[in-house]
Amino acid sequence: MSQQMDNSHRKFLQSMMTNGIVDEQRAAMLYQQCCDTYKTKCLPDKLNDFIDTINSKLQPLFMQIRKGWSEEDGQQHYALVNVAETDISRMSSDYADYELVLFRKTIELIVVSETGQASSTDILNSTDTMTTKKLKKSETEHLLNRLVRDKWLTECVVLLSFKKRGEYSLSTRCVIEMEPYIRTMYQEQLKMCHICHNIAFQCQICENPTCCIKIHNPCVARYFKNKSEPRCPACDDFWPHEIPEIHQPLSQSK
Amino acid sequence: MSQRKRVSTSQSSSQNKRPASLSLTATNDDDDSMFTLPSTSQVLKGLENLTEEQVYQKTAEVLQYFLVRDQKKIPIRRADIMKHVVKDYRNIYPEIIKRTARTLDQVFGLKLVEIDTKNHTYILINKLEEPEGMTSSSGPANLKSGLLFVVLGLIFMKGGFVRENLIWNLLKKLHVDIGQKHNDFGDVKKLITEEFVRQRYLEYVKIPHTEPVEHEFCWGQRADVEVSKVKILELMAQLHKDRPESWSQQYKEAHSALSTSSQATSSSQR
């Protein structure tokens, strides 16, 4: 059923390798560009079939272009992921063992946190308990910068009483790739979104202590749109949090 | 999607069938110079002791390694591949490399090239011709390529070896001054003498008996296989508002390089 790969597929794959992750609009654009360049037919709704062809060849290599949903902007994204295992091996070509230990600790801090974020201070403190090589403050910061640059973590800079504090959350690409690992490791602690039933890291939580349901920010935006008095879908208590605007994708014309 | 259970390679013991160890391989992991490639019959024998799945798995790991390393444009040393990935499978190394090269070609459109046969170093070059106007890389990478091409062009036009001062002076005329921090490139001298050299686009060699020490530039191994001399000549011609043919010697050199199989240009160029 899946056809052979031609240069348009290869070009698309190379772009995915360079970018790591792209949102839906950009993926469609890339698809168009690749087909135009190599003079293959580009059918508007056939992006997923196109990607399936690539995936059929990637499967024996334990790689996939996987579609996933971002809890930051509520958009669909496509990410090139390693599916070989539940552990984080693709990074092992890039990061030393002790660096991966720190990264796993960071994931843990983020998963168990209420905000879905871990501060650089907390991450730094967690290095104290590491049995492998201990990292200095500057080394930890350098590593965190690399993880952000390589799109495993997202940094949100928070101004707290005039002092800049770095807060780190899992990037969309990280979530898409690590989801199996995270589900296996942190089954008990995982937060789930009440609306879309996906894993939730950064989310709003119902303040009713007997309820405590979680909803992703973009899901909140969609669910409570145009509701003058937002109420929790589970317990009907008033929903006290700020209702964000629905994120508009950049290209609206298509 | 089913998760394949992966055999851990981070531990030295493997859960799978241990490949038969052959006496030819070096006992010291780090000493790649002792490693002699197994012969075809030895490889076949080695393959007999492994399942197809094991070979697939190992090939996939080597491929991953290549892809990740190459993203950074660092040449990949055989010694590193052996030590970090191949490990116990070194007796079938030629088979793994063969399969890896084939997959890189068919699936990714990348060509595996050994640029240094003495130290056994590899790079991946892009077989897909990059057409005008379409770029998959982001802004900064493009600017760097532009600068690199200018430097390569200067070297090529000057016969292949250029003293560094000449390069700095010529760049200054193009408003790229190594004495000042550049808006886009930052420390230009560092970019050219360190980053481009590390990526094997350029070589930066000390000229003996110079005081203070002077260096000269020439094309690096990656540039030799990856960059088209024909394109460089065309770029230089554009800059001088002239035709490539005006530089007969360079023109001849560029086109003879094109016809040899070592050039990585696609057939659309012909």
Side-chain angles (χ1 to χ4, degrees), chain A residues 4-20 22 26 29-30 32-39 53-64 66-67 80-97 100 146 149-150 179-181 183-184, chain B residues 1-11 52-53 55-74 76 80-81 84-85 99-100 102-111 124-138 141-142 266-268:
Chain A
Q4 283 306 309
M5 272 184 87
D6 60 47
N7 280 340
S8 63
H9 297 99
R10 294 184 188 108
K11 187 74 202 166
F12 188 88
L13 178 55
Q14 285 187 12
S15 304
M16 287 307 297
M17 271 174 46
T18 315
N19 290 302
V22 295
R26 180 129 176 85
M29 230 169 66
L30 270 173
Q32 179 81 56
Q33 278 179 343
C34 292
C35 287
D36 288 346
T37 308
Y38 296 99
K39 317 249 186 306
T53 304
I54 302 175
N55 276 340
S56 67
K57 298 288 184 277
L58 287 179
Q59 185 148 36
L61 309 171
F62 308 109
M63 292 166 71
Q64 289 286 276
R66 201 181 264 167
K67 198 168 169 180
L80 183 62
V81 302
N82 179 311
V83 298
E85 52 210 272
T86 54
D87 207 310
I88 36 186
S89 83
R90 169 145 78 130
M91 301 168 73
S92 61
S93 305
D94 231 358
Y95 292 87
D97 279 342
L100 293 179
R146 273 173 64 205
R149 186 201 64 198
D150 293 342
E179 192 174 315
Y181 165 76
R183 275 185 191 270
T184 311
Chain B
M1 185 185 310
S2 59
Q3 288 284 332
R4 293 188 71 132
K5 185 153 179 272
R6 181 183 183 270
V7 172
S8 156
T9 55
S10 51
Q11 273 73 54
E52 190 60 22
E53 193 175 308
V55 182
Y56 256 134
Q57 176 93 47
K58 192 48 76 174
T59 307
E61 287 170 27
V62 171
L63 188 112
Q64 280 278 355
Y65 189 81
F66 269 111
L67 289 174
V68 173
R69 291 308 244 186
D70 190 71
Q71 284 280 292
K72 312 219 144 92
K73 290 267 181 276
I74 307 171
I76 304 134
D80 290 336
I81 306 171
H84 297 296
V85 195
R99 290 186 187 205
T100 303
R102 192 170 60 212
T103 311
L104 284 168
D105 179 10
Q106 288 173 353
V107 180
F108 294 87
L110 298 170
K111 189 169 164 185
L124 300 181
I125 55 175
N126 197 339
K127 288 181 67 180
L128 302 178
E129 187 69 37
E130 188 85 51
E132 301 306 312
M134 179 188 161
T135 47
S136 56
S137 49
S138 50
N142 273 337
S266 73
S267 52
S268 60

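Here is the naming used below: chain letters follow the sequence lines, and residue numbers restart at 1 for every chain.
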Stepwise side chain to side chain contact (heavy atoms under 4.5 Å, CB included) check, Gln106(B) with Met5(A)
CA-CA 8 Å; Gln106(B) 288 173 353; Met5(A) 272 184 87; over 6 Å; no

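Taking the side chain as every heavy atom from C-beta outward, Val107(B) and Arg10(A) never approach each other to under 4.5 Å. Two residues are said to be in side-chain contact when any heavy atoms from C-beta on lie closer than 4.5 Å; Lys57(A) and Thr103(B) fail this criterion.
Taken to the nearest 0.5 Å, the CG atom of Asn7(A) stands 8.0 Å off from the NZ atom of Lys127(B). Summarising the geometry, atom CZ belonging to Phe62(A) is positioned 11.5 Å from atom CG belonging to Leu63(B); distances are rounded to the nearest 0.5 Å. Note that CD of Gln57(B) and CG of Leu61(A) are 11.0 Å apart. Values are rounded to the nearest 0.5 Å. Interatomic distance, CZ of Phe108(B) versus CG of Leu58(A), reported as 5.5 Å (0.5 Å rounding).
Residue contact with chain A, scored on non-hydrogen atoms closer than 4.5 Å, involves the backbone of Asp105(B) exclusively.
Nearest heavy-atom pair across Pro60(A) and Ala60(B) is O-CB, 4.2 Å. Contact detail for Gln14(A) and Asn126(B): the closest heavy-atom pair is OE1-ND2, 2.7 Å.
Among the candidates Asp70(B), Leu67(B), Val68(B), the single residue satisfying the side-chain contact (heavy atoms from CB on, under 4.5 Å) test with Met17(A) is Leu67(B).
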